[in-house]
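Here is the structure we will look at.
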Amino acid sequence: MSKIKAAITGVGSYIPEYILDNHELSKIVDTTDEWIMTRVGIRERRILKEKGKGSSFMGSRAVKQLLEKTKTAPDEVDLLICATVTPDMPFPATANIIADKVGIKNGFHFDINAGCSGFVYSLITAAKFIESGQYKKVIVVGAEKMSSITNYEDRTTCALFGDAAAAVMLEPTTEDLGIMDYIARSDGMGRKHLHMKAGGSCIPASHHSVDERQHFIYQEGQVVFKHAVSNMADVSVEIMERNNLTADKLAWLVPHQANLRIIDATAKRMGLDPSKVMINIERYGNTTSATIPLCLWEWENQLKKGDNIILSAFGAGFTWGTIYLKWAYNG
Ligand code: UT7
């Protein structure tokens, strides 16, 4: 009997309406459209403005769209994993809130926090449940309200991030399709260069932590940049080599969207033509766990059954990873 593989069978998304562009940002902090475009490649990002709405609001919208597109009833879903660094609240898991909002009752649900590699880590985890033969419909949703942890007085981080959610459905297949291989890595030493200082069990929220603006993203950009460039490219090249994938056999690279220069460097190391790289950072910025599924959603119409695709990400932890998959349907 052929081995069971996990294939993506649909994609959904939710993008907030409000657009914060570089022009508006340059009125808030000392920055310019030119600096942000040349150093990072972002022109605008979406912000969820409505008060009281968090990542589960966007995540549930993305999952609802996914259920409709794949004609799936909520009670058919066995498992929902939410990749997020911006949960609605420290507990319970945002996955549970999303499942409740869309009416998924018969499954089990949990969050994965792997920084910007959250979607890659979650997809690898979800695939294992499908490959076991026990689970038939698994949803992975990346949902991030990055604006809730972004310091709009810090020009070194506030231009980078945006809000969005996107979700995929995973189902079993015995065809030669779906997730073929993956590499996932992490190095906790990297935590000092990219983290949020307060709000956890080490430094619970206090007047002091708020006054010191410790509830926002802290990033040493250059250090993170260096690790991102080398690690993302290393695993992407490694997965190509061990699957005998030359650049001409690859249809697409779907990279995490943190910085256009990181994406270009990765594609170059892989020997890929820029036309095969999904890039939408200019319009959405870095939406952390949502970047990769958001690309799949935008490019879905162009994807063909059997397309060889590599997903690659790097993020807080440090975490990084890559997935080689064969697309399972014509978009
Ligand atoms: O997704 C999770 C993982 N995160 C990443 O992968 C991000 C990796 N890092 C990066 O993408 C880049 O390091 C940044 C985009 C964060 C920064 O770009 P950079 O080219 O590394 O700039 P830099 O930090 O070396 O700063 C150069 C200069 C500094 O000024 P001085 O000290 O030389 O006078 C910064 O203060 O640019 C200044 N700067 C800005 N200037 C205008 C930093 N941010 C801004 C800004 N506007 N928004």
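Every number for a ligand or one of its atoms is a count from 1 in the order of the listing. Just so we're clear, the structure is a prediction, and the values are computed from it rather than from any experiment.
Residue contacts with ligand 1, taken as heavy atom pairs separated by less than 4.0 Å, involve N286 solely via side-chain atoms from C-beta onward. Contacts between T156 and ligand 1 below 4.0 angstrom, taking non-hydrogen atoms only, involve backbone and side chain alike. In N259, the part holding a heavy atom less than 4.0 Å from any atom of ligand 1 is the side chain. Residue contacts with ligand 1 for V29 are absent, since no atom lies close enough (heavy atoms, distance under 4.0 Å).
Ranked by closest heavy atom to atom 18 (O) of ligand 1, the top entry among Q222, R261, M232 is R261. Residue nearest to atom 22 (O) of ligand 1, selected from W35, F161, F314, F225: W35 (by heavy-atom distance).
Pairs engaging residues 97-107 under the side chain to side chain donor-acceptor pair (under 3.5 Å) rule: S56-K101 [sequence neighbours left out].
Shortest contact from atom 35 (C) of ligand 1 to any protein heavy atom: R155 NH2, 3.9 Å. Atom 2 (C) of ligand 1 has its closest protein heavy atom at C116 SG, 3.1 Å. In terms of protein heavy-atom proximity, atom 47 (N) of ligand 1 is nearest to T31 OG1, 2.6 Å. Regarding atom 4 (N) of ligand 1, its nearest protein heavy-atom neighbour is Q219 OE1, 3.1 Å. Protein heavy atom at the shortest distance from atom 20 (O) of ligand 1 is R39 NH2, 2.8 Å.
Ion pairing of R242 with E238 is present here, as a side-chain N (NZ or NE/NH1/NH2) and a carboxylate O approach within less than 4.0 Å. Salt bridge R283/E44: absent, no basic N to carboxylate O contact under 4.0 Å.
Looking at heavy atoms from C-beta onward, L177 lies out of side-chain contact with K5 at the 4.5 angstrom threshold.
Between the N330 side chain and the K305 main chain, a donor and an acceptor come within less than 3.5 Å of each other.
Not counting sequence neighbours, the partners of Y329 by the ring-ring contact (aromatic ring centres under 6.0 Å, His included) test are W327.
Distance screen at 4.0 Å: atom 41 (N) of ligand 1 has a protein heavy-atom neighbour inside the cut-off.
Below 3.5 Å of separation, one finds no N or O of V40 facing any N or O of ligand 1.
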